Amino acid sequence: MSHFSSEDEALLQSMVRQLLYSIKERLASAPSVECAEEILLHLEETDEHFHNYELVKYLQQYIKSTLGSVIEDETEKCTIAQSQGEGPGNDTLVHHVTRRTRESKEYAEMMHSLKNVMMAVVETLLNKFEEDQAKNRELQKKSTFEQHTGRYADNCSDSDSSFNQSYTFMNTEQLQLIAEQLDPSQPVEVRREAMQTLCSAPPSDVLKCESWNILQKNLMLSLADPDSTFTERILRFYAKTFSSSPLSMAREVYTSLAKHLEVSFISRENSKFSLSNGIEITNPEIVRLLKKIRLLNDYQKEAPSFWIRHPEKYMEEIVESTLSLLSVVHDSSSHSSQIFLDPAFFMALIDPKALWFKKWMHAYYSRTVVLRLLEKKYKSLIVAAIEQCFYYFESSKAGYQENSKTTVAPHHTGTKQKTFYTKRELHYLYFVHSLSLLGKLLIYKHGRKLFPLKLKNRKEVISLSDMVVLFVNIMIYCPNGQKSTLGTYTGCYAPSTLAMEVLRMLCDCKECAGECLYTAVVIDTLLDPIQKLLKGKRVHVNCNENTLTYIADILARIASTEGGRSLLLYGEKVDCAKDSFVGAHTIAHFSKKLLDEDIPALAQSEMLPLLKSTFIFVCRQMYHTCEGLHVFIPYRLHECIANAWRKTAFLSERTPTPVAGATSVSSESQESLGTEAWEESLLDNLLNFAATPKGLLLLQQTGTINECVNYMFSRFAKKLQVNRCEKFGYGVMVTQVAATASGALALQKSGYVQALVTDLWSALECGRDDVRLIHPKTTPMDPIDRSCQKSFIAIVNLLSSYPPVYELLGKQDLPSKDEYSLREMPTCFADVFDRIVVMNSDAKMSSLFNYEQSHMFGLRLLNVLCCNLDTLLLLESQYKVSEVLLNAQRENVIESSTGLGNIIIDALSVERNHILIRVNVIGGSSERVLPPRSLIENSDPYPWPMFSSPSHPLPKCYMTEIHLKNDLKQDSEIYKNLFCKNVDTKPNWLENCRKLFCKTIKTKPDVLSGMFCGELLEKYVLYLCESPSNCCFSHLEYKDMDTQNQTLSVVQQLGVKMVIRYGRHLNILTDASSSEQEFIQVMKQCEKSLKLQQNVPNSPLRYLQGSYPGHDWFASSVFLIMSGNGKKTSEFLLTFSRLLASAYLWLPRLHISHLPDDIAQSGVHPIYYCTAHYIEMLLKSEVPLVFSAFRMSGFTPSQICQHWLSQCFWNYLDWLQICHYLSICIILGPDYQVYMCIAIFKHLQQEILQHTQTQDLQVFLKEEAINGFQVGNYLEYMESLEQIYRPMVLKEMRNSVIL
């Protein structure tokens, strides 16, 4: 295709013409020929449609057909040369082939042929252009000017494209002559000819000429000329100036036009346009005026896109001239029939929603100027807008709109063009403009500083709250456009809808919402119709169901933020322990009545399901938080929603399934779709109760947890967010659900566990399917590859607590097959443990593609799980993980002729050694030393001894020497006052004990340890139980029970050995054998005594079948506190079992006993649904940064607190601090369990924030001890929490466990 035919030339002509036509506006705006050339040269960079032009496609195909073979040959040559090591050096393949192609003969011939044909095409187009121009000039001379047809929508402000117009370049003398000819004193024909000549001159030349000042003055005077054709030419010149001149020149034209309009309104030139008469926009004078204002408005909306590139003074001139024009108001004391139309009315007719103001306020550069001028000179503009909003609202509420005969239509949707606007419609357009302007003004800080303002016709000043109340009243009491009836405003221009959009905008701006919306008066105004409906009163006729949904939407947005939620829950109080404000109660009461269909005014409404959904959503923004749920519990919304769901589910089951291929959708099918959506909405609202520990218990009590979790998994799999007001996904909610046995079982039934295991295996062993083999996967440098990190954290979240671990792994044997297929994927956690944790056969090793990476993942997971001592004992009892790790260590040695050599130091052996030390050494941060998992740069990269045989003692370097003061300090103050003679005669002994205990733990904490601590607790509990008011539970029966035939579970047996080992390490127990027998006897007695008060519920949970499935860490702690004295331990536990504190410190105490049946069947312990719940509630207000860190990490404070508290902080605090923790909870009250955890989070704040950034917060909190924490140092802080929260927390702790 080296030559072009005549058909090709014709085709190219049409393509070139199409290209130029597509970019004519950009070429027309170029101030010079050079700029136009630059636009064409860089068209590919600036035009996103470049490759869609037919000319470009044609040239691409032409080049491909001409040079395709040349490129292929050169590419093949280069490839061969590279394979032989003779490639083009540092030159890339693409550059080399390009250079060789451009040097080829074919390329030269192609360029020559293409250049010739394009020259011919351009010459032909130029000739045709000149002929067309000559014809146009002839026609223009013969034709008369066409009069305006009456339609408002003309194109004067768009300006004709200058691409099809020729410019006449003039010198200074010619422009000066034109300026003189345009003087109003000149004859009409002279002025017309001069204006026609001026329109053909480049605007840039005109604005730069020396006579521009005279010309500008004459043009401004000529704008008032009654000849519409003449003024239209001036406007076209102005429009051309706006489109093709820089701001420095265009602003003079703009200010000139604005000044002309301002003068004309001030001089009452337009006084003939009375508001009472309305306006007919086909009137030539109105048309001329609207064209001028529209031209201004078009430039107002365009100028912000480029005025930042120019000096601020230019922009300030434009802004000030606009504000000065809009501030023109005719003197009038009232809205009577004598009012004349002001510029603001015409601007509202052109731009009803004030888009110009929105664009001006968007950027800080222009916003500061606008707000400064409004504050200093043009507050009257804001005052007029406020007065217009008040005027419309008052007239609307009084029924002023009922006599309106037409529907306002700024954007007419019918086929007939609207030409006449009545007084009411003009007022309404001005109201819309004012409402939009005020709404945009309030979202900015300096805009709000303009308030309060004084209005002419009102005594009181208007504050920010008054403005928001006005907007709310407009939303509630003005028409909402639900039904398109005569005399109403419909669609997006309905007043109620407009006010709702403004309120939404204010709600979305956090700072603005805090200043404007979060006040009691605004909430009262929003809730006023709801309160009337609750009392059975009539509401305003405009306050229908649609308006109620608007109210619910605004309330939901308010409730979704901390400040708004606090206002609804507590009013303007700050103490959450006091009685709550009426706002939340009103919403909860109304929502409950809606669900019960107990509101007569709405009983027959077709929108009742939507109303229910919207108001439940408002409640949900509050009850999905701890503080909100505390307020909503008395209304039992969870039961109402669950009953509504069951009713809806029953109806949906009875609805016939739509037949596939049906030609039409029946009403029954449509109703079925609505029922399904309502059913999902109810499940979604029920699911949000699971966001808090107590809410999860309420959800489980409804019996719908399986359905809710199924729904959650369906959304979680699609990566959908929880709701429009929630920033995070379902990660936190999944973690919360996974904290209980029933929640974990529901997750397993939903398929979540299997999906999680599948994703993990795909990341570990399968890799991505879309990765080509020529790009192999990089070797991971981290112990857990980044691609597997998300799965690792998800599994840690799911298996963080012991109840779900026992539910998913308890009594589950490992497959342990002789052979594993490479395609065989695990489907549950038992399979995962079998494949990558318990690596005890060659078959398992050979079945893994990435043995080291997968096994390292398994070891890291095992290490995290073993941090929970109950989980460790379960895994040890079922899978003998320690034995498996020791065998692996013994097999991983250097073979030598003398026998077994040293263990090979690699990543797996180092990790196994770390786990073995962790599971065999118990203690806090200063009581044990865990070996690191990394090597050091030294001659001995790993100086830590390997532990490889249970027959050998643990290396001493892992256990620190501990010296506890185990003797009674008889000279101490606390001993003299509490253990002196005749102490029983002192009636205030308990109070003195508390005071001296607090004083001692702050000043001399070492005194409260060992035998003294045991004696103190024993005596305190004994005295406390003497008063029946302090006892919450019945006495455990113990009458020399026969425990000879009783055996402990394997978990308990392993736990006993661990306790004895720790006691020996602390130097508390001297004789391991006798101490072990005594402790076994204590465990048997406790288990048998507790079993007498237990009732095994009818539940599918493994966790609830039989005695407490974990180890009794509280009894273990008491045994060590009593220095291994089994008799004293048993007596203390029997006495202590009557106190409230036993419910929260001694977990087996309430296992399937003393709790209501529905709570007992859920398997949720009060330590979770009460203690952990209030820990989260207090953490949010006391240490908000830590609370936010948990939210971002997808982990929950309740999970880690349940872990810490269930094992009495073993392995996390030193023994002395554990004694102090138990002491403060027994002596000062069980609510100190909550305050203790808050103090720990406060202590760990910096570390928590740091590990949130590194995305390993869960692992840090579970693996690391709580370094440096001392109970005495934080007791004063805990006492301050007690002063604030005890009335609420202790009351709830008591109510949660006492029937």
Side-chain angles (χ1 to χ4, degrees), residues 562 626 727-728 731-732 735 782-784 786 789-790 792-793 796-797 800 860 863-864 867-868 914 918 923-930 932-934 960 1001-1002 1005 1171-1172 1174-1205 1207 1209-1214 1216-1218 1220-1221 1224 1232-1282 1284-1285:
E562 291 298 323
C626 294
K727 296 179 182 178
F728 303 99
V732 173
T735 305
D782 299 322
I784 297 178
R786 186 171 297 178
Q789 183 70 22
K790 187 174 182 180
F792 179 77
I793 295 299
V796 170
N797 289 344
S800 177
R860 284 292 173 114
N863 186 70
V864 176
C867 295
N868 188 308
H914 180 91
R918 180 182 290 276
S925 59
S926 65
E927 296 170 347
R928 67 174 179 176
V929 178
L930 295 176
R933 294 152 149 176
S934 58
T960 59
I1001 202 174
K1002 294 176 184 177
T1171 300
Y1174 286 100
I1175 288 171
E1176 289 198 4
M1177 183 173 174
L1178 270 62
L1179 185 66
K1180 189 175 183 180
S1181 57
E1182 295 296 327
V1183 199
L1185 290 179
V1186 171
F1187 181 83
S1188 299
F1190 273 102
R1191 294 284 293 174
M1192 289 187 289
S1193 67
F1195 199 43
T1196 60
S1198 56
Q1199 280 269 40
I1200 191 62
C1201 288
Q1202 185 177 220
H1203 177 182
W1204 288 339
L1205 298 174
Q1207 64 190 47
F1209 288 99
W1210 281 44
N1211 275 355
Y1212 291 99
L1213 294 177
D1214 293 342
L1216 180 61
Q1217 303 308 316
I1218 293 175
H1220 291 173
Y1221 155 67
I1224 64 170
Y1232 269 78
Q1233 194 177 54
V1234 175
Y1235 313 143
M1236 172 85 171
C1237 290
I1238 299 297
I1240 290 175
F1241 285 130
K1242 187 178 181 68
H1243 176 75
L1244 294 175
Q1245 177 168 329
Q1246 292 304 318
E1247 288 85 349
I1248 288 174
L1249 297 179
Q1250 178 183 348
H1251 286 277
T1252 302
Q1253 295 292 325
T1254 56
Q1255 299 181 1
D1256 62 345
L1257 178 60
Q1258 297 91 327
V1259 178
F1260 163 73
L1261 290 174
K1262 292 181 75 66
E1263 289 187 347
E1264 298 297 326
I1266 304 171
N1267 293 307
F1269 181 83
Q1270 292 187 357
V1271 176
N1273 292 344
Y1274 281 89
L1275 185 59
E1276 189 173 339
Y1277 173 68
M1278 288 187 260
E1279 288 174 335
S1280 67
L1281 295 178
E1282 177 200 348
I1284 302 172
Y1285 299 107

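What you are looking at is a predicted structure, and each value in this text was computed from that prediction instead of being measured. Throughout, residue positions are numbered sequentially from 1 according to the sequence presented.
- Put simply, the side chain of His1220 gets close to the backbone of Pro1005: a donor and an acceptor are under 3.5 Å apart.
- With 3.5 Å as the limit, one finds no donor-acceptor pair spanning the side chains of Gln1199 and Asn797.
- Smallest separation of non-hydrogen atoms from Gln1255 and Gln789: O-NE2, 3.8 Å.
- For the pair His1251 (side chain) and Gln1258 (backbone), a donor-acceptor distance under 3.5 Å is absent.
- Separation of atoms CG (Asp1256) and CD (Gln1250) is listed at 8.5 Å; rounding is to 0.5 Å.
- In this structure the side chain of Thr1171 never reaches within 4.5 angstrom of the side chain of Cys1237, judged on heavy atoms.
- Between Ser925 and Asp1214, the shortest heavy-atom distance links the atoms N-OD1, 3.2 Å.
- Not a single donor-acceptor pair under 3.5 Å links the side chain of Arg918 to the backbone N or O of Val864.
- Between Phe1209 and Gln1217, every side-chain heavy-atom pair lies at or beyond the 4.5 Å cut-off.
- Atoms CZ and CD1, from Arg860 and Ile784 in turn, are 6.0 Å apart once rounded to the nearest 0.5 Å.
- Between the side chain of Thr735 and the backbone N or O of Thr1196 there is no donor-acceptor pair closer than 3.5 Å.
- Atoms CG and NE2, from Leu1205 and His1203 in turn, are 10.5 Å apart once rounded to the nearest 0.5 Å.
- For the atom pair SG of Cys1201 and OH of Tyr1174, the computed distance is 15.5 Å after rounding to the nearest 0.5 Å.
- Closest non-hydrogen pair, Tyr1212 versus Ala1265, comes out as O-CB, 3.8 Å.
- Shown here for Gly1194 and Val732, the closest heavy-atom pair between the two residues is CA-CG2, 3.8 Å.
- Considering only heavy atoms from C-beta on, Phe1190 comes within 4.5 Å of Leu1261 through its side chain.
- Proximity of a side-chain donor or acceptor of Lys1262 to a complementary backbone N or O of Ser800 within less than 3.5 Å is detected.
- In this structure, Phe1260 has its ring center at least 6.0 angstrom away from the ring center of Phe1195.
- The CD atom of Glu1263 sits 12.0 Å away from atom CG of Asn1211, with the distance rounded to the nearest 0.5 Å.
- Closest heavy-atom contact between Glu1176 and Ser1198: OE2-OG, 2.9 Å.
- Of the listed residues (Tyr1235, Phe1269, Tyr1221), just one forms a ring-ring contact (aromatic ring centres under 6.0 Å, His included) with Tyr1274, and that residue is Phe1269.
- Scanning both residues, Arg928 and Thr960, for their nearest heavy atoms gives N-OG1, 3.9 Å.
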